[in-house]
Amino acid sequence: MASRSDRNPGARAGWSAQRRDLRPVVVALALLAAALVALPIAGVFGSVVYAPGSLDTLLHLGGTVIPRAALETGALVLLVMAGVIVLGTTSAWLVAAHDFPGRRVFEWALLLPLAMPGYIVAYAYTDFLQFSGPVQGALRDAFGWQRGDYWFPEIRSLPGAAFVFAVVLYPYVYLLARTAFLSRTASMIDAARSLGLSPWRTWLHVNLPLARPAVAAGALLALMETLADYGAAAYFGLQTFTTAIYRAWFALGDRLAASQLAGVLLLLVLLVMATERHLRGRARYFAAPNSARPAPRTPLTGAVGILAALACLLPLLAGFLLPTGILVHLLVPTLDEVPWTRYWGWLANTLTLALAAALITLAAVLVLSYLLRLQPDGRSGTLVRLAARLMGLGYAVPGAVIAVGVLVPLAAFDNALDAWLRATLGLSSGLLLTGTVVALLYAYLVRYFAVAQQPVEAGLARITPAMDASARSLGAGPIEVFRRVHLPLLSPSLLAAGLLVFVDVMKELPATLVLRPFNFDTLAVMAYQMAADERLGEAALPSLTIVLVGLLPVVWLSRAIGRASGPQGQ
C-alpha cells in the first residue's frame with residue numbers, strides 16, 4: 001500500500017521547496033546570531049594578535065604575571081576536579097545503584113548546592129573558620145589556647161578555595177553521573193557476572209566506563225565555573241587568570257594586558273576540551289532500549305547503610321546546609337538594620353534581569369537549534385554547525401572578559417551614532433546602549449547560551465524524524481511542524497533550560513559588576529560589596545535571598561528528574 005506521503009506528492013514537493021527557500025535564511029540567521037555572540041570573544045583574540053605593542057606586552061606578561069597565574073589556576077583546577085569527581089561520582093553511584101536510609105531524599109537534595117554561589121559560600125566559611133570565628137573561639141575557650149599555641153588550617157588559601165568550589169560544584173558531576181548509572185541494565189550486570197567478575201570489578205570495568213562521558217562532562221562544567229569565578233578567588237587572595245584580568249583592567253588600566261590574559265585563559269580551556277575529546281577517542285556509548293530491564297538496586301542495611309547515608313550527607317552538609325545555617329546566624333543580629341526599601345529594589349532588579357535573560361537566551365537557542373534540525377546540506381550545513389559551536393564558547397570565558405568585550409562594540413556604536421547625529425542634525429544621542437540593561441542582557445546571552453543549548457538540543461534529539469515525516473506528509477511546512485509538533489514536545493527541555501539560565505543569572509557577579517547601569521544594584525553585587533567591606537552580617541540577607549530564590553527551580557528540577565527516572569527513580 002502506498003504511504004500517505006506517496007499519495008500526496010504535492011505536499012512532499014511543497015516541503016522540499018520550502019526547505020530550499022529557507023536555506024539562505026537559515027544560514028544568514030545562524031551566522032548573524034553567531035557573530036553577535038562571538039563578537040566579544042573575537043575581540044579578545046583580536047587584541048592578542050593585532051593590537052599595537054601586543055607582542056611586547058605578551059612577552060612581559062609571560063615573564064611576570066602568567067607563570068604565577070598559570071600555577072595557581074592549574075593547582076586550583078586540579079584540586080577542584082579531583083573533589084567534584086570523587087564527591088559527585090560517589091554520591092551518584094550510591095543513590096542510583098543502592099537502597100539505604102534517606103536515599104529518596106538524597107536523590108534531589110544532593111542538587112541543592114547548585115543554588116549556592118561560590119563567593120557566598122566563601123564568605124560563610126570565612127566567618128565560620130577564621131581566627132575570630134566560632135570554631136577557633138570555641139577551641140581556645142575549651143583548651144585555654146592563645147594565638148600561636150595551635151595550628152588551624154587557613155580557609156583563605158588555595159586549598160580552602162578548592163574546598164569551597166568542590167562542595168558547590170559537585171552537583172554537575174552528580175546530576176550527569178546519576179543519569180548514566182540509572183541507564184544500567186540487568187543484562188549488563190548478568191553478563192559481567194557470567195564472566196566471573198566480582199562486584200568490584202564489575203563496577204570498575206562495566207559501570208564506571210559507561211558513566212565516564214557523563215563524569216567528564218560534569219567535571220568540565222565545574223572546571224569552566226572555577227576558571228570563570230572572580231568573587232571567591234579574589235576574596236581568598238588568589239592570583240588566578242580571572243583575578244589577574246580584573247587587576248590588569250581595573251587597577252592598572254591596561255586593557256591590552258587584560259585581553260591577552262583572557263586570550264591565554266580561553267586557549268587553555270580549549271586545550272583542555274580538545275584533550276578530553278582526544279582521550280575519549282572513538283569510544284561510543286549508547287543508551288539501553290526502553291524495554292530493557294533496569295538493574296536492581298542493592299539494599300544496604302545496618303552499619304553499611306548508615307555509612308552510605310553519611311557519605312551522601314557530608315557533601316550536602318558542606319555545600320548547602322552548613323553555609324545556609326551560618327548565613328542565618330549572621331543575619332539574625334542585623335535584621336533591625338536592614339534597609340528594606342533598598343532591599344526590595346535589589347530583589348526586583350535581580351528577578352527582572354534573570355527572567356529577561358532566560359527568555360532572550362531561550363529564544364536564541366531555540367532558533368539556532370531548530371535551524372540545525374533542518375540540516376542544510378554541504379557548505380551551508382557546515383557553516384550552521386560551526387556557528388552553533390562558536391556560540392557555545394562563551395561559557396568558557398570569564399564574565400569580566402565578556403563584559404569588556406561587550407563594552408567595546410557598544411561604545412563604538414554609541415559614539416559613531418552620536419557623531420553622525422551631531423554632524424547631520426546637530427543633536428546628541430549620548431550613550432544609548434553602553435551602561436544600560438541592554439548591554440547587561442547581551443553579556444548574559446553570550447555567557448549562558450551554552451547552558452541553555454545543551455538541554456534544548458538534547459530534547460530535539462529525542463524527537464524522532466518520523467514525526468517530521470508524518471507532519472510533512474499532511475502538507476505542513478517547517479514552521480508549522482515546529483509550532484505544532486516540536487514546541488509542545490520540547491516544553492520540559494525548554495523549562496529546564498530556562499531555569500538553569502535563571503539561576504545562573506541570579507548568581508552572576510563579574511559581568512554585572514562591570515556593566516550594570518548607574519544606581520542599578522542586584523543582590524549579587526550588594527552581597528559582594530558588603531562582604532568585601534567585611535560587613536558579613538549585612539551581606540547575609542542578599543546572600544540568603546539569592547539562595548532561597550534559586551532554590552525553588554533547583555528543587556523543582558531535581559524532583560522532575562527523579563520522576564523522569566521511572567522505576568529506577570522510585
Side-chain angles (χ1 to χ4, degrees), residues 33-48 51 73 117-119 221 223-231 233-234 240-250 254-270 273 353-354 356-358 360-361 364-365 387 389-413 433-453 500-501 503-517 520 522 524-525 528:
L36 288 174
V37 174
L39 186 59
I41 303 172
V44 170
F45 283 125
S47 67
V48 175
T73 302
Y119 55 89
L221 287 173
L223 180 150
M224 292 179 185
E225 288 284 354
T226 304
L227 291 176
D229 176 82
Y230 171 73
T240 62
F241 274 106
T242 306
T243 58
I245 291 165
Y246 261 91
R247 191 173 298 112
W249 182 270
F250 296 104
D254 193 338
R255 179 188 304 180
L256 179 58
S259 298
Q260 290 188 333
L261 287 169
V264 173
L265 175 57
L266 186 55
L267 287 174
L268 289 176
V269 172
L270 295 178
M273 297 173 67
L353 284 177
I360 292 171
T361 305
V365 168
R389 286 181 178 271
L390 192 60
M391 293 178 73
L393 292 179
Y395 194 61
V397 183
V401 179
I402 292 178
V404 172
V406 165
L407 280 175
V408 172
L410 293 188
F413 171 81
L433 300 178
T434 308
T436 65
V437 172
V438 174
L440 200 50
L441 293 175
Y442 181 19
Y444 292 151
L445 172 64
V446 176
R447 180 77 173 87
Y448 297 116
F449 181 90
V451 173
Q453 185 182 24
L500 289 174
V501 175
V503 173
D504 278 338
V505 170
M506 279 201 63
K507 299 187 294 183
E508 205 283 331
L509 176 63
T512 310
L513 270 174
V514 179
L515 292 173
R516 74 189 192 281
F520 188 91
T522 65
V525 170
Y528 169 76

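All values below were derived from every heavy atom in this structure, side-chain atoms included, with hydrogens, water molecules and symmetry-related copies excluded. All figures in this text were calculated on a predicted structure; none of them were measured in a lab. By convention here, the first residue in the shown sequence is residue 1.
Side-chain atoms of Thr522 and Arg516, non-hydrogen and from C-beta on, never get closer than 4.5 Å to each other. Contact annotation: the side chain of Asp229 never approaches that of Thr242 to less than 4.5 Å [non-hydrogen atoms, C-beta and beyond].
Under the side-chain contact (heavy atoms from CB on, under 4.5 Å) criterion, Val503 pairs with Lys507, Pro553, Val554, not counting sequence neighbours. Applying the side-chain hydrogen bond (donor to acceptor under 3.5 Å, both in side chains) rule to Tyr444 yields the partners Thr512; only residues at least two apart in sequence or on another chain are considered.
In terms of heavy-atom proximity, Tyr448 sits nearest to Val501 at O-CG2, 4.1 Å. Ala524 and Tyr119 get closest at one heavy-atom pair: CB-OH, 3.1 Å. Of all heavy-atom pairs spanning Ala439 and Val406, the tightest one is O-CG1, 3.8 Å. Between Gly231 and Leu509 the shortest heavy-atom distance is CA-CD2, 4.0 Å. For Ala357 against Val505, the heavy-atom pair with the smallest separation is CB-CG2, 3.8 Å.
The distance from atom CG of Leu221 to atom OG1 of Thr226, rounded to the nearest 0.5 Å, is 10.5 Å. We find the CG-CZ distance between Leu515 and Phe520 to be 12.0 Å, quoted to the nearest 0.5 Å.
Panel note: side chain Thr240, backbone Thr73; no donor-acceptor pair is recorded below 3.5 Å.
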